[in-house]
K.L.:
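I have a structure here, written as structure tokens, and I will follow up with some questions on it.
Remember, predicted model here, so these are calculated numbers, not experimental data. Side chains included, hydrogens not; waters and symmetry mates left out as well; all remaining heavy atoms used. Every chain is numbered from 1, with letters handed out A, B, ... down the list of sequences.
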Number of protein chains: 2
Amino acid sequence: MNDRACSELQAKINRTIPLSEAMGYRITELDTCHITVSAPLAPNINIHGTGFAGSLYALGILTAWGLCAHLIEHAGIDANLVVAQANIRYRLPIQADILCRSEITDAEAAAFIEGLTAKGRSRIVVGVAIGDGPAASIEATMHASLKNQQ
Amino acid sequence: MNDRACSELQAKINRTIPLSEAMGYRITELDTCHITVSAPLAPNINIHGTGFAGSLYALGILTAWGLCAHLIEHAGIDANLVVAQANIRYRLPIQADILCRSEITDAEAAAFIEGLTAKGRSRIVVGVAIGDGPAASIEATMHASLKNQQ
């Protein structure tokens with residue numbers, strides 16, 4: 001884990017995405033193939049007093065985005081990174097702090113960065129597990145493009 | 001449009017889902033087959049200064065949830081309503097106030113309520129259009145169950 005990269009990415013996300021601050025988004029672990037994020041339940045409850053479907057998605061998508069943004073940064077590349085599409089499934093209510101985990105393989109990370117360097121554009125599908133079970137899971141397709149090619 | 005139902009649902013959502021208040025979620029039109037929601041861009045921006053993917057989803061899913069909750073309330077039924085799964089596609093960045101629209105047919109509304117009354121459980125698939133184009137769209141599957149059967 002890279003503590004400095006972790007706190008820098010955390011600060012960048014909280015500074016530029018106000019909703020991340022409102023949700024209490026915190027990166028707790030970060031490397032080029034793995035990220036964990038936590039958030040308190042209180043600002044993210046729904047009418048049933050459990051995790052709000054919209055918060056679970058927003059925290060989860062910022063988990064996937066954070067991992068890919070770190071991967072690009074770590075490779076020394078200046079690129080835009082956006083979510084193209086995502087699917088979320090909810091299985092169980094969440095009644096405690098919200099924990100999101102995302103992991104990709106070394107090969108997936110390498111292919112994503114190689115595509116970006118070689119063609120100026122790249123895509124990656126990232127899974128996010130939210131809560132125990134997991135209680136919810138996201139599959140998100142992220143698109144990256146070099147800034148100087150836009 | 002039912003102004004009283006609109007303001008009551010608005011107040012209920014803002015009171016019980018803190019993130020709805022943080023996003024500036026406002027119901028602007030509501031009947032049993034149609035809802036429109038708006039939110040200012042400022043609390044919902046991303047690192048590019050456009051609509052944050054997580055906010056667009058959370059506002060959109062609260063649009064679908066609001067429509068179904070109103071339909072259940074209008075039928076005089078006491079039921080729990082949750083999101084089972086959803087898909088979102090992002091096509092264009094949003095650079096103005098975020099407008100969400102959702103519409104179902106009379107037949108879909110009737111089948112949803114009839115299932116709930118007859119079997120105690122019901123599901124409905126609701127589409128949400130976000131922004132012009134639409135800039136993003138959600139297809140969400142909602143599950144409802146009578147409270148006294150849980």
K.L.:
Of all of B:A140, B:A22, B:A42, B:P43, which one pairs up most often with chain A through heavy atoms under 4.5 Å apart?
P.N.:
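The option with the most such pairs is B:P43.
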K.L.:
Looking at A:L62, A:I138, A:L56, which one has more heavy-atom pairs under 4.5 Å with chain B than the rest?
P.N.:
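Counting heavy-atom pairs under 4.5 Å, the top option is A:L62.
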K.L.:
Which bit of A:L81 is near chain B, if near means a heavy-atom gap under 4.5 Å: side chain, backbone, both or neither?
P.N.:
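For A:L81, the contact with chain B is made by the backbone alone.
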K.L.:
If you compare all heavy atoms of B:A96 against all heavy atoms of B:L41, which two are closest, and at what distance to 0.1 Å?
P.N.:
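Taking B:A96 first and B:L41 second, the nearest heavy atoms are O-CB, 3.6 Å.
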K.L.:
Given side chains that start at C-beta, do those of B:I130 and B:I98 come closer than 4.5 Å, heavy atoms only?
P.N.:
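Yes - at least one pair of side-chain heavy atoms lies under 4.5 Å apart.
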K.L.:
Heavy-atom distances under 4.5 Å only: say whether A:I47 touches chain B with side chain, backbone, both or neither.
P.N.:
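Backbone plus side chain of A:I47, per the 4.5 Å heavy-atom cut-off to chain B.
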K.L.:
Determine the option with the most heavy-atom pairs under 4.5 angstrom with chain B, choosing from A:G60, A:A84, A:G49.
P.N.:
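It is A:A84.
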K.L.:
Can you tell if the side chain of A:V128 reaches within under 4.5 Å of the side chain of A:V37, non-hydrogen atoms only?
P.N.:
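No; the side chains remain at least 4.5 Å from each other.
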K.L.:
Just verifying a value: how many Å separate A:I124 CD1 and A:I104 CD1, rounded to the nearest 0.5 Å?
P.N.:
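A:I124 atom CD1 to A:I104 atom CD1 measures 4.0 Å (nearest 0.5 Å).
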K.L.:
Drop me the distance from B:L71's CG to B:M142's CE, to the nearest 0.5 angstrom.
P.N.:
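The CG atom of B:L71 sits 11.0 Å away from the CE atom of B:M142.
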K.L.:
Do B:L99 and B:L30 belong together in a cluster built from hydrophobic side chains that touch within less than 4.5 Å?
P.N.:
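No, no single cluster joins them.
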K.L.:
Which bit of B:A69 is near chain A, if near means a heavy-atom gap under 4.5 Å: side chain, backbone, both or neither?
P.N.:
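For B:A69, neither part sits under 4.5 Å from chain A.
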K.L.:
Based on non-hydrogen pairs under 4.5 Å, which of A:G54, A:A53, A:A86 is most in contact with chain B?
P.N.:
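Max contact count across the listed options: A:A86.
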K.L.:
Given that the side chain runs from C-beta out, which part of A:I45 has a heavy atom under 4.5 Å from chain B: side chain, backbone, both or neither?
P.N.:
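Both parts, backbone and side chain.
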K.L.:
Quick one: donor-acceptor pairs between chain B and chain A, under 3.5 Å, side chains and backbone, table format.
P.N.:
unit_1	atom_1	unit_2	atom_2	d
B:Y57	OH	A:Y90	OH	2.7
B:A84	O	A:Y90	N	2.9
B:Q85	OE1	A:N87	ND2	3.2
B:A86	N	A:I88	O	2.9
B:A86	O	A:N87	ND2	3.4
B:A86	O	A:I88	N	2.8
B:N87	ND2	A:Q85	OE1	3.2
B:N87	ND2	A:A86	O	3.4
B:I88	N	A:A86	O	2.8
B:I88	O	A:A86	N	2.9
B:Y90	N	A:A84	O	2.9
B:Y90	OH	A:Y57	OH	2.7

K.L.:
Identify, with sequence neighbours excluded, every residue that meets side chain to side chain contact (heavy atoms under 4.5 Å, CB included) alongside A:A75.
P.N.:
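Listed in chain order: A:I77, A:I113.
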K.L.:
Give me the atom names and distance for the closest heavy-atom approach of B:A144 to B:I72.
P.N.:
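In terms of heavy atoms, the two residues are closest at CB-CD1, 4.0 Å.
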K.L.:
Holding to side chain to side chain contact (heavy atoms under 4.5 Å, CB included), I want the full list of residues that pass it with A:A135, two or more places apart in sequence or in another chain.
P.N.:
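A:A135 satisfies side chain to side chain contact (heavy atoms under 4.5 Å, CB included) with A:L92, A:I94 once adjacent residues are dropped.
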K.L.:
Which bit of B:L19 is near chain A, if near means a heavy-atom gap under 4.5 Å: side chain, backbone, both or neither?
P.N.:
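Both backbone and side chain of B:L19 come within 4.5 Å of chain A.
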K.L.:
Would you mind telling me which of A:V82, A:I13, A:I88, A:I61 has the largest number of heavy-atom pairs within less than 4.5 Å of chain B?
P.N.:
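Max contact count across the listed options: A:I88.
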